[in-house]
Amino acid sequence: MAAKAEKTFTFLVVGGGIAGVTCVEQLSFQIPSAEVALITAGPHIKAVTNYKQVSKTLEEFDVEERPSSVLEEKFPNLTVIHSAVKSLHTQSHSVETADGRVFGYEKLCICSGGRPKLLTQDNPYVLGIRDTDSAQEFQKLLSKAKRIVVVGNGGIALELVYEVEGCEVIWAVKDKAIGNTFFDAGAAQFLIPSLEAGKPEKAFPCKRPRYTTEEPAGGALQTFTADGHLRGKSTGPPEPGSALGPDWHEGIALRGAEQVSRKVSVEYQCEVEKIFTSEELLNSQQQTLTPENNGSWPVYVQLTNGKTFGCDFVVSATGVVPNTEPFLQGNKFAIADDAGLQVNDYMMTSEPNVYAAGDVCTAGWEHSELWQQMRLWTQARQMGWYAGRCMAAHVLSEPIELDFCFELFSHITKFFNYKVVLLGKFNGQGLGTDHELLVRCTKGQEYVKVVLRGGRMVGAVLIGETDLEETFENLILNQMDLTPYGEELLNPDVDIEDYFD
Ligand code: FAD
């Protein structure tokens, strides 16, 4: 049973990542008289800047780490509490924080994000990248490394292997092709030559505040005490920070100890069998190493394809686990198969008056045929915004409908320096054999793939400056029968925009 709350807020939001911040912004904007609080474990909050609606569903923005005072100045009704939530008592409508305080709520939204799914816990040679602190740690270790092993095939692994210079990278992927989370083997083939080519020069500094191993000058990176006061340098155990977002690696030099530009070898269709220290390796009988792997590496990785590689450290980039742990004990949340808090189409969990948004939640409503959840920056923003709207509508007893952004999956990103746009069922997700593909590819320039079902477009992958995103988005949304156009749809000599205008 929780102690008595020192204060009760109409709206309490947990997590200063993009979902939580967007949620409190929306609540403060919609009901300026309501008392809103944001409790967050990390010293900074994440702010969306330069937001641009590219088309009906595609959006682009930058993300900045900011002191929370920026939010409090903007919204006088908002209080930011810097501490980690230790427990939740849904019966008494209260949360308890790590520094022993208790806060009550009328409506609560959990936006505590996720943490890296590590290959092994507590191994100093295995690193997960999630937040600013872990990115700094990675940068520091990399600066002394000659070889690293990267495990995983999602967005983080893709970006890492492309960005790292001055260090050999062994990249272990469980699939037949790289980037399986985002695209098919054809697109992977298109991208592979970029890994072999030199890296284009980058202009520094870039648009976001960056992570450095040095102490910040002039208070560029600030830390706060639990009660929200500014302090010099953070001490004590690290608190879980917000996940990094688009372009997280820009502006941090991902450089190893060697003079090589980029050297990546991909090991396909394999997973990690075992991780050894050099002593363990010496004591093990069955190890046979190729000469280049023999030596005195601090750690060795045995893969399921039988190969063993020595390296300086291992990066575990195999996805995230929703951060639900502090909220579960004593409560009856419905938990989804992927371990997220299951939410309905109002972003409500199964516990009354408790909502969730972003990486911590699993969208449990019946999805539109063209949308799927992926734990991405854009969806964290959309869910936080929509959760805020739902919470406000419920307090005001106003009706609300599932937002249009959940109609069509859409995502813009950059891989290997190419613009990448993903729309709808871009990988034929859930379609079985009931679909056909049209592909157009110009080496080094563009890769266009269209997924058709019953002659109608249901998904697309656009790599390069194709300029097709808006037209394809419209074709997917209006479900026009494209059978009469056949392969002409991707004929580069036909100006497709004119065709369908
Ligand atoms: P988070 O950003 O993780 O925020 C969670 C917040 O909750 C943090 O402030 C944390 O301090 C706080 N918190 C956690 N536990 C507690 C607690 N017990 N009490 C109080 N506060 C707590 N997505 C893209 O779309 N494009 C990309 O290019 C991209 N690149 C990425 C690269 C990396 C290295 C990583 C790790 C992720 C990347 N993502 C990318 C994914 C994206 O960053 C996440 O989907 C998004 O940040 C999720 O936002 P969130 O607000 O749900 O969670």
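Here the structure is a predicted model, which means the values were calculated and not measured. We count ligands from 1, going down the list as the structure has it; atoms in each ligand are counted the same way. Values reported hereafter were calculated over all heavy atoms of this structure, with side chains retained and with hydrogens, waters and symmetry mates removed.
The backbone and the side chain of Ser112 each have at least one atom closer than 4.0 Å to an atom of ligand 1 (non-hydrogen atoms only). Only the backbone of Cys111 comes within 4.0 Å of ligand 1, judged by heavy-atom distances. Contacts of Ser83 with ligand 1, taken as heavy-atom pairs under 4.0 Å, involve the backbone alone. With a heavy-atom cut-off of 4.0 Å, Thr40 touches ligand 1 through backbone and side chain alike. For Gln379, no heavy-atom contact with ligand 1 is shorter than 4.0 Å.
By the 4.0 Å N-to-carboxylate-O rule, Asp62 lies too far from Lys52 to be salt-bridged with it.
In the vicinity of Gly358, heavy-atom distances shorter than 4.0 Å reach the ligand 1 atoms 52 (O). For ligand 1, the atoms sitting less than 4.0 Å from at least one non-hydrogen atom of Gly113 are 3 (O), 5 (C), 52 (O), 53 (O), numbered in the order shown with element in parentheses. The contact set between ligand 1 and Pro326, taken as ligand atoms under 4.0 Å from a residue heavy atom, comprises 18 (N). Ligand-side atoms of ligand 1 in range of Arg375: 41 (C), 45 (O), range being under 4.0 angstrom from any heavy atom. Numbered from 1 in the order shown, with element, the atoms of ligand 1 that lie under 4.0 Å from a heavy atom of Ile129 read 34 (C), 36 (C). Per-residue contacts place Gly42 under 4.0 angstrom from the following atoms of ligand 1 (heavy atoms of the residue considered): 11 (O).
When only modelled atom types and interatomic distance are considered, Glu473 and Thr57 share a side-chain donor-acceptor pair under 3.5 Å.
Of the listed options Gly15, Gly154, Ala380, Gly15 places a heavy atom closest to atom 7 (O) of ligand 1. The residue among Leu88, Leu376, Val85, Val320 with a heavy atom at the shortest distance from atom 18 (N) of ligand 1 is Val85. The option from Phe415, Phe138, Phe327, Trp377 that lies nearest to atom 47 (O) of ligand 1, judged by heavy atoms, is Trp377. The closest non-hydrogen atom to atom 6 (C) of ligand 1, taken over Ser87, Gly128, Ala84, Gly17, comes from Gly17. Scanning Ile156, Ile412, Asp359, Leu160 for the heavy atom closest to atom 44 (C) of ligand 1 points to Asp359.
Annotation: Ile18 places an N or O atom under 3.5 Å from an N or O atom of ligand 1; distance criterion only. Remark: ligand 1 and Ala41 share an N or O pair separated by less than 3.5 Å (distance only, no angle test). Between Val14 and ligand 1, a contact under 3.5 Å exists for no N or O pair. Between Ala19 and ligand 1, at least one pair of N/O atoms sits closer than 3.5 Å.
Taking the six-membered ring for Trp and the full ring otherwise, the centers of Phe406 and His367 sit at least 6.0 Å from each other. No close placement of the Phe409 and Trp371 rings is indicated, their centers lying 6.0 Å or farther apart. Taking the six-membered ring for Trp, Phe75 and Phe29 have ring centres at least 6.0 Å apart.
For the pair Thr97 and Phe103, the minimum side-chain heavy-atom distance is below 4.5 Å. The shortest side-chain heavy-atom distance between His89 and Val95 does not fall under the 4.5 Å cut-off. When side chains are defined from C-beta on, Trp171 does not count as touching Ile148, because their heavy atoms never get closer than 4.5 Å.
A heavy-atom separation below 4.0 Å is not found between Lys46 and ligand 1. Residue contact check for ligand 1: Lys86 places no non-hydrogen atom closer than 4.0 Å to it.
The only option from Ser69, Ser68, Pro67 that meets the side-chain contact (heavy atoms from CB on, under 4.5 Å) definition with Ile45 turns out to be Ser68.
The salt bridge (charged side-chain N to carboxylate O under 4.0 Å, His left out) check on Lys449 picks up Asp184, with sequence neighbours excluded.
Using a distance-only test at 3.5 Å, with no hydrogens or angles considered, no donor-acceptor pair links the side chain of Asp175 to the main chain of Asn153. For Gln379 (side chain) and Met374 (main-chain N/O), a donor-acceptor pair under 3.5 Å exists by modelled atom type.
By the 6.0 Å and 45° rule, Arg389 stacks over the aromatic ring of Trp385.
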